[in-house]
Amino acid sequence: MLKDKTLIVLSIAAVISLALGLYHTFAFKTDYDEDTGKAKPKVEWVEGVAIIVAVAVVVFVGGGNDFNKQRQFMKLNAQKEDRQIIVYRSGEKHFISINDLLVGDLIYVETGEVVPADSILVSGACECDESSLTGESDTIKKFAANLALSQYPEDCDLDIGDGDKRIMDPILISGSKLIGGQGNAIVTAIGTNSVHGKIMMSLRHEPEITPLQARLNDLVDGITGYAIWSCTLLFVILFVKFCVNLNGRYSNLDSAEKGEHFVDILITAIALVVVAIPEGLPLAVTLALAFSTTRMTKDGNLVRVLKSCETMGCATAICSDKTGTLTENKMKVVRGSLGDASFNETHDQLSSTNAIKTINPKLAKDIINNILLNSTAFENRKKEEQEAEEEIKKHKKVSIFKKVYSKFVKKGPIISLDATEEPFVGSKTECALLTLAQEKFNAITDTLEHTRTRAKPLIAQVIPFESSRKWGGLVMKTETGYRFYIKGASELVFSRCQYKRSSDGSIVPITPEIEKDVHEQVSLMANDALRTLSLAHRNFDGLESWPPSDLQCKDDPSNADVEKLFGAPIIIGKDSNQEHGLTLDCLVGIQDPLRPGVKESIDQCQKAGVSVRMVTGDNLLTAKAISRNCGILTPETEALPDSAMEGPLFRELTPEQQMEIAPKLHVLARSSPEDKRILVETLRKLGEVVAVTGDGTNDAPALKLADVGFSMGTVGTEVAREASDIILMTDDFTSIVNAIKWGLLITSLF
């Protein structure tokens, strides 16, 4: 607070005024009233004390407000700062604090944990969600280092994730979350040397002045300049008059009385400076900002930096992350066809329920078996534990004192420390299908573990999903033989389909017309940024044991050969006489849905003159589709050649080209944290007041660099919240509109 230029000038003036006032009070003799004969009060020091009090009030009000917000923020992260992890040292298992972790430690990681440090997987296999670091919603598979090295050709120049044949990835990045599997890993980097630590270190920037501060500083500079010139002129005039009077009116006075007159001249000149500077202005600004932060808290915004309120009133650009900010970061089935019935929840939330009611129970059962059994995802036990704890708290007696304290004393925003837990853990695609089975089919009446345990004796073979195959399946014993359930990439699975189920359960051959219709559905879903999946099956009736002799695997005779079981693509019209194809049961489109109210909020921002840009790690096609859905890309802006661009291409441009393209850029896809930082920096160079929203660790550098950084209080990472100025406690993008509203109110007052 004391770095404010207005307060600095006032403090200097107050000290000088107080010093001269005290000198005048104690150094000179007391004057007496001619009429009453009473001593005149010496109040020359009062003005200096009054200014000091005003400065103190501003500092304590502003500092107290900042302290209160910081304390609430500290509570927000208190439970996440320290946690216990499993480490093997000297061959023994230990539980230690994450703060005691060392390079070279062998740690144990399992599903649901956040990777504590950069490490290399040495045993086991797992799947990681690195969306908070990279913005990518796809699950990243991790393999043991020795397996990855054995598969890496000596003459290969590909990096991890490059090319069609992806190189196995054994590297666990600190801050990522395990959503499947377990294993042991050797720690390679901790603290400031880890990915998480480097991002935290990049958050250390000197705070910059806000637009209102800049205007106040200009005002103070102008007032101070004119006041000093006026003070100097007045002092020169009075001093010349004083010198002239030394041989006139003051000639009979002694040295002390002459000195008193000179001090009066000095006080009069300095008083001109003190009076000219509005000491009440900083207090008025501080009180207005404190009031706005209180009201913003009620709107769901926790303001960590007081002056960010008024900065939002000057905002001209918002750079928003997609995953978790504009979207819910929860994959959901929103479109598809079940037999002959189709549904589209983007237009009608009840369309899927209505479609399910029209299909045959046998078709519904096959779809449910494919979803529940042909899956590795499972229930989120943490959610169940939290629900149990909340139920206990409801019935727990609370003293009257605590009720009164929580109501009148313990004020402040209530912030959820953990993200809203999803009902299932595992691949986001499989979780979306399980959610469909639970909410629409009402098929999950027991735990998945019990359901799969009961079905285990009937399962003859399991084929896990692999990204190289793009499908997964299982073979199950039926009353008439065996049935092969399969789900995977829509085009790939449908290319092996020879039949299609109707809503009444009947099976019809796929004709060219049906094939064309399915391809059109897939194309429409892809254009709307949906991930499409086909669920199908194939019956092996009359079979006594598995596998059939013609599908038997050479290396493992007890199982069918995966490639033979999947078969070759079916050519519709030519292979109609052969019965070796799959039967298509349903086609679904999975989407990371927009948050409620996002489209309306973006529309309000644009009407207020604030342009919204989306910065995401997704591919350009997906990014453009989502930006169209939320209103960032309009038909007019999409027609512009530079309205959407990929991050690597934008990064390779010269600074001059970046400054030319940035005002027209609305979507930045395939972007890295560095690309987002470059965009924010470029916009600020162009004179824009930039606000950045984000929830992931990868958003932190841009959040800190921006004029105002918004992080998500529920799904946001600790790093993102630490880097931000305002925390959206409800993770609602619409709260930004309220922040702009209060910011405009503050700027209009001053």
### Summary
Residues Ala377 and Arg452: closest non-hydrogen pair is O-NH1, 2.7 Å

#### Entry: Nearest atoms (heavy-atom pairs only) where Asp675 meets Pro648
OD2-N, 3.9 Å

### Task
Heavy atoms only: give me the nearest Ser503-Asp340 pair and the separation to one decimal.
OG-N, 2.8 Å

### Query
Under the 3.5 angstrom rule, does the side chain of Arg670 hit a backbone N or O of Leu620 as a donor-acceptor pair?
no

### Message
Would you say that Ser711 contacts Leu728 through its side chain, given a criterion of any heavy-atom pair below 4.5 Å between the two side chains?
### Response
no

### Message
For Phe710 and Val692: C-alpha separation, side-chain torsions, deciding distance, then whether side-chain contact (heavy atoms from CB on, under 4.5 Å) applies.
### Response
CA-CA 6 Å; Phe710 286 89; Val692 172; over 6 Å; no

### Query
Can any side-chain N or O of Ser627 pair as donor or acceptor with the backbone N or O of Lys624 at less than 3.5 Å?
yes

### Task
Could you tell me whether a side-chain N or O of Ser724 sits under 3.5 Å from a main-chain N or O of Ile727, the two making a donor and an acceptor?
no

### Query
Got a donor-acceptor contact below 3.5 angstrom from the Asn354 side chain to the Leu350 backbone?
yes

### Query
Given side chains that start at C-beta, do those of Ile514 and Asp517 come closer than 4.5 Å, heavy atoms only?
no

### Message
Please find the pair of heavy atoms, one from Val612 and one from Cys605, that lie closest to each other, and give the distance.
### Response
CG2-CB, 3.9 Å

### Query
Do Glu345 and Ser352 have side-chain atoms, one donor and one acceptor, less than 3.5 Å apart?
yes

### Task
Spell out, as yes or no, whether a donor-acceptor pair under 3.5 Å connects the side chain of Arg496 to the backbone of Gly567.
yes

#### Entry: Separation of Ser320 OG from Ile602 CD1 (nearest 0.5 Å)
7.0 Å

### Message
Assess the residue pair Ile626 and Lys322 against the criterion (side-chain contact (heavy atoms from CB on, under 4.5 Å)); give the C-alpha distance rounded to whole Å, side-chain angles, the decisive distance to 0.1 Å, and a yes or no.
### Response
CA-CA 9 Å; Ile626 293 176; Lys322 177 191 74 71; 3.4 Å; yes

### Task
Give a yes or no on whether the backbone of Ser502 and the side-chain of Ser506 come within a donor-acceptor separation of less than 3.5 Å.
no

### Message
Would you call the rings of His537 and Tyr485 parallel, tilted or perpendicular, taking 30° and 60° as the class edges?
### Response
tilted

### Task
Show your reasoning for whether side-chain hydrogen bond (donor to acceptor under 3.5 Å, both in side chains) applies to Thr532 and Ser490.
CA-CA 6 Å; Thr532 55; Ser490 56; 2.6 Å; yes

### Working for salt bridge (Lys or Arg N to Asp or Glu O under 4.0 Å), residues Asp528 and Arg628
CA-CA 9 Å; Asp528 288 338; Arg628 282 195 298 268; 5.5 Å; no

### Query
Rounded to the nearest 0.5 Å, how far apart are OG1 of Thr616 and CG of Leu326?
9.0 Å

### Task
Report yes if some heavy atom in the side chain of Lys456 is under 4.5 Å from a heavy atom in the side chain of Thr451; otherwise report no.
no

### Any side-chain donor near an acceptor of the partner, Gln438 and Asn442, under 3.5 Å
no

#### Entry: Criterion side-chain contact (heavy atoms from CB on, under 4.5 Å) on Glu127 and Leu178, from CA distance to verdict
CA-CA 6 Å; Glu127 296 180 352; Leu178 266 70; over 6 Å; no

### Query
Would you say Asn360's side chain and Gly505's backbone share a donor-acceptor pair under 3.5 angstrom?
no

### Query
Tell me, do Leu565 and Ile463 make a side-chain contact under 4.5 Å, heavy atoms counted?
yes

#### Entry: Any Leu448 side-chain heavy atom under 4.5 Å of Phe424 side chain
yes

### Message
Regarding Lys500 and Asp585, does a basic nitrogen lie under 4.0 Å from an acidic carboxylate oxygen?
### Response
no

### Query
Is any side-chain heavy atom of Leu363 closer than 4.5 Å to a side-chain heavy atom of Ile367?
yes

### Task
Determine, stepwise, if the pair Asp603 / Lys607 fulfils salt bridge (Lys or Arg N to Asp or Glu O under 4.0 Å).
CA-CA 6 Å; Asp603 183 56; Lys607 288 180 179 178; 3.4 Å; yes

### Message
Quick one, Leu665 and Met645 - any side-chain contact, counting heavy atoms below 4.5 Å?
### Response
yes

#### Entry: Spatial distance of atom NZ (Lys676) from atom CG (Leu679) [nearest 0.5 Å]
9.5 Å

### Query
Is the Trp471-Phe566 ring centre distance short of 6.0 angstrom?
yes

### Message
Go through it in stages, so that I can follow the logic: the residues are Gln498 and Thr583, the test is side-chain hydrogen bond (donor to acceptor under 3.5 Å, both in side chains), and I'd like the CA-CA distance, side-chain angles, deciding distance and then a yes or no.
### Response
CA-CA 6 Å; Gln498 191 172 2; Thr583 301; over 6 Å; no

#### Entry: Verdict with reasoning, Phe441 to Leu436, per side-chain contact (heavy atoms from CB on, under 4.5 Å)
CA-CA 7 Å; Phe441 283 92; Leu436 176 70; 4.1 Å; yes

### Task
Not counting sequence neighbours, which residues clear side chain to side chain contact (heavy atoms under 4.5 Å, CB included) with Ser342? List them please.
Ser337

### Query
If you round to the nearest 0.5 Å, how far is CD1 of Ile444 from CD1 of Ile368?
9.0 Å

### Task
Applying side-chain hydrogen bond (donor to acceptor under 3.5 Å, both in side chains), run through Glu449 and Thr447 and close with a yes or a no.
CA-CA 5 Å; Glu449 183 180 357; Thr447 64; 5.4 Å; no

#### Entry: Distance-minimising heavy-atom pair for Ala432 and Val333
O-CG2, 3.9 Å

### Task
Return yes if some donor-acceptor pair links the side-chain N/O of Ser601 with the main-chain N/O of Gly597 below 3.5 Å, else return no.
yes

### Query
Lys516 and side chain to side chain contact (heavy atoms under 4.5 Å, CB included): which partner among Glu520, His519, Glu513?
Glu520

### Message
If you apply the rule salt bridge (Lys or Arg N to Asp or Glu O under 4.0 Å), what do you find for Asp592 with Lys332, and how did you get there?
### Response
CA-CA 6 Å; Asp592 186 2; Lys332 182 181 179 181; over 6 Å; no

### Query
Do Ser375 and Glu430 get their side chains close enough for a donor-acceptor pair, meaning under 3.5 Å?
yes

### Message
Taking Ile140's backbone N and O only, do any of them form a donor-acceptor pair with Glu130's side chain (distance below 3.5 Å, no angle check)?
### Response
no

### Task
Output the distance between atom OG1 (Thr429) and atom CD1 (Ile590), rounded to the nearest 0.5 Å.
5.0 Å

### Query
For Lys664, does the NZ atom have more than 12 heavy-atom neighbours from other residues, nucleotides or ligands under 6.0 Å away?
yes

#### Entry: Side chain Ser495, main chain Pro569, donor-acceptor under 3.5 Å
no

### Message
Just verifying a value: how many Å separate Met331 CE and Leu433 CG, rounded to the nearest 0.5 Å?
### Response
10.0 Å

### Task
State, yes or no, whether a side-chain contact exists between Gln461 and Phe484 at a heavy-atom distance under 4.5 Å.
no

### Task
Would you name the heavy atoms of Leu582 and Ala536 that are closest together and state the gap between them?
CB-CB, 4.2 Å

